[in-house]
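Down below is the structure, laid out as structure tokens.
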Amino acid sequence: MKSSAYIGLVAMMAACAGLTSCQADMDNPGLDTPQASLTPNTTILELKQLFENQTECLPLKDEATGEHYVIHGRVVSSDATGNIYKSLVIQDETAALAFSINQSSLYNSYRLGQDVVVDMTGLYIGYYRGLQQVGYPGDPYNGSPQLGFMAYDYWLAHAELNQLPDPDFKLVELNSDYPTDEYYCITFSDFNELNNATLPELQSQLVEFRNVSFSINEGEETYAPYQESVNRTLVDANGQTLTVRNSGYSNFYNQLLPEGRGNVRGILSYYGDAWQLVLRGPEDVMITTKGEESDPFTVQDVIDGTYAGMSGWVKGYIVGSVKAGVSSVTSASDVIFGAGAEMDNNVLIAADAAETDINKCVAVALPQMTQLRFWVNLADNPGVYKKELLVNGLLGRELGLPGVIDSRGGTSDFKLDGKEINPNGEAPAPSGSGTEADPYNVSYVMQSVNDETDVWVVGYVAGYVATGDFADGAEFSANEVNGSTNYLNSTNVILSAVAPMKCGTANSVPAQLTASTRPVLGLKLNPSIYGKQVKVKCRLATYLGVRGIRNISEVVEL
């Protein structure tokens, strides 16, 4: 026998009620508890894989044994808002399946978390515009069979409710074990993760994309025009996009798309050859302008976990650090409150500068070889104790505590007591003759007037220009600025007259990279070069709005 499973969704749909809506009264005393007579013997994934490559709309039965395929699953869709149309999606511990049913207001009988057992014998499985689902043979499209709606009576003859709805759900990461005792929502940190997933497993699943925003055209934009289905676009932190399909017949069509960043849930549909997200309702959209520098997350916001997976600014007071050798904090004995510190890779922040309760603290990771670590760690800077720290990073967990992680750590990514660190010191005097034995220093390049070819320059690899010109786009860090094509393509680096942590625009120049030098100097391709002193053979010329370096033909690491 095979293990258990479940059902439901369609390609032309558009969202429904939130995860906790419409559940009232379902667990009141006196209700009859439905008990299915059918016993599941097949998982949803097994069923989908068995018929994955078939092109006809086939009635289901194991022809070899005559055995009925019986699956089960919990309802994850809802048509209460009208964004999902005549579709029901169920999910088991392996996958999810969409059912195309010619009936409106399915949410009245099939609430979120309701277990349903389905005898698939006689039902038709196939595709509608690339989405595998169950329904009834419909009109062909471009010569290919397509699945349409089944009659509601036909569905009722095959499906049984089992127990009362259980609205509790779990957030789980892709490729982790999916729970068998409740329905779940698969979380994604970026859209590229969809490329590594299989269609049978992910089609129709309830998903949550984190740290995303809507691409909104100039001016205000609603979810959809009246009585018109349209595509809207979600953008992840890396600039990748995903289509969100919205219906103009929904009861929230005229609401404005929210500005800011956040998490968005929905049913992961498929159309043609691309993924689409279908919202169940506006409650699935958890986007806010909170987390911007002008309205940073509080320490309590991080502790609550409401914004987990989002990137943004967090504000608190530096109150201590985690002890050396501690990988996961379990009590106050694992941390040091005060200016003393054993490690330079983290600090603790709290809402109160005098806080000594570990349950009210957030751990901030200080990435190595960044300005953030250089200026903020307590081991080297005891004077920052009790100072206000404003830091830009990803909300997650660090050393067993709610934390701020993955900060790029550049001077533009944090402030102490409301002030941005300005490491720019006096640049050394110009020196060198431009030969390999006696190269120019960066100060010479900065003060040069005439272009020179095939000369040598020495400097420290101190960052890159993320976008625009040098003055506005200089990033003194080895970490990626999300969406920076300059970083992704390794088109340039910054060379400084002084070592990183003491460098800035006052003692550095941009250097354009050629195809042959990108694997050596490009921080995306070779992040270990950050902080190293190098000597390059190049041309001195204007680059990115300032005097800089072009046409590098040779690189020597010192």
Side-chain angles (χ1 to χ4, degrees), residues 189 210-211 213 236-239 260-261 289-299 301-302 307 309-318 321 344-349 362-378 380-381 384 387-398 402-424 461-468 470-484 486-488 492-494 496 499-506 508 523-524 527 530-531:
S189 59
R210 295 183 166 179
N211 200 25
S213 61
D236 68 13
N238 297 316
R261 302 195 67 81
T289 56
K290 194 171 182 62
E292 296 183 359
E293 187 175 354
S294 59
D295 185 19
F297 297 117
T298 65
V299 167
D301 288 333
V302 183
Y307 302 101
M310 288 178 58
S311 291
W313 290 87
V314 179
K315 184 166 68 173
Y317 293 93
I318 299 172
S321 59
D344 66 353
N345 64 353
N346 74 90
V347 291
L348 300 177
I349 61 172
V362 165
V364 179
L366 308 178
Q368 63 179 345
M369 300 185 71
T370 62
Q371 301 276 2
L372 179 61
R373 178 181 290 195
F374 182 79
W375 293 98
V376 172
N377 85 86
L378 282 164
D380 299 319
N381 307 284
V384 301
K387 283 191 175 184
E388 181 189 87
L389 175 64
L390 183 65
V391 59
N392 189 13
L394 179 70
L395 277 57
R397 295 193 67 82
E398 173 70 8
V404 181
I405 59 177
D406 293 346
S407 176
R408 296 193 305 271
T411 53
S412 61
D413 297 305
F414 69 98
K415 291 182 178 179
L416 282 170
D417 277 348
K419 299 178 181 179
E420 185 173 318
I421 295 296
N422 182 8
N424 293 349
V461 178
Y464 62 98
V465 182
T467 184
F470 180 65
D472 295 329
E475 182 69 22
F476 292 96
S477 166
N479 299 322
E480 178 183 359
V481 171
N482 289 330
S484 171
N486 289 349
Y487 176 88
L488 294 174
N492 69 73
V493 295
I494 293 173
S496 177
M501 316 314 162
K502 298 180 182 179
C503 59
T505 54
S508 304
L523 288 169
K524 170 68 173 178
Y530 179 76

Salt bridge (Lys or Arg N to Asp or Glu O under 4.0 Å): pairs with one or both residues in residues 411-422, sequence neighbours excluded:
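Listed once each, the pairs are E293-K415, R408-D413.
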Okay, side chain of [X], backbone of [Y]: is any donor-acceptor separation there less than 3.5 Å?
X    : Y    : result
N211 : M310 : no
T298 : D301 : yes
S407 : N392 : yes
N345 : Q368 : no
R397 : G403 : no

How long is the straight-line distance from [atom2] of [Y] back to [atom1] of [X], given to the nearest 0.5 Å?
X    : Y    : atom1 : atom2 : answer
E475 : T467 : CD    : OG1   : 11.5 Å
L395 : R210 : CG    : CZ    : 10.5 Å
Y464 : F476 : OH    : CZ    : 12.0 Å
N377 : N346 : CG    : CG    : 9.5 Å
N238 : S189 : CG    : OG    : 8.0 Å
S321 : D344 : OG    : CG    : 10.0 Å

List the steps and the verdict of side chain to side chain contact (heavy atoms under 4.5 Å, CB included) for L366 and V347.
CA-CA 8 Å; L366 308 178; V347 291; 4.0 Å; yes
Please tell me if the side chains of [X] and [Y] come closer than 4.5 Å, counting only heavy atoms from C-beta onward.
X    : Y    : value
D380 : R373 : no
F414 : V376 : yes
V364 : V314 : no

Quick check: closest heavy atoms across [X] and [Y], and the distance to 0.1 Å?
X    : Y    : result
W313 : E292 : CD1-C, 3.8 Å
T505 : A474 : CG2-CB, 4.1 Å
V461 : L523 : CG1-CD2, 4.2 Å
I405 : G396 : CD1-CA, 4.4 Å
Q371 : C503 : NE2-O, 3.9 Å
S477 : N479 : OG-N, 3.0 Å

Go through it in stages, so that I can follow the logic: the residues are I318 and L416, the test is side chain to side chain contact (heavy atoms under 4.5 Å, CB included), and I'd like the CA-CA distance, side-chain angles, deciding distance and then a yes or no.
CA-CA 10 Å; I318 299 172; L416 282 170; 4.1 Å; yes
Evaluate side chain to side chain contact (heavy atoms under 4.5 Å, CB included) for V362 paired with V404, printing each intermediate quantity in order.
CA-CA 7 Å; V362 165; V404 181; 4.0 Å; yes
What residues form a salt bridge (Lys or Arg N to Asp or Glu O under 4.0 Å) with D236, not counting sequence neighbours?
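Checked D236 against salt bridge (Lys or Arg N to Asp or Glu O under 4.0 Å); zero matches.
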Please determine whether the number of non-hydrogen atoms from other residues, nucleotides or ligands lying under 6.0 Å from atom NZ of K290 exceeds 12.
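It does: K290 NZ has more than 12 such atoms within range.
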May I ask you to check whether over 12 heavy atoms, not counting those of Y530, lie within 6.0 Å of atom OH?
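Count over threshold, so yes.
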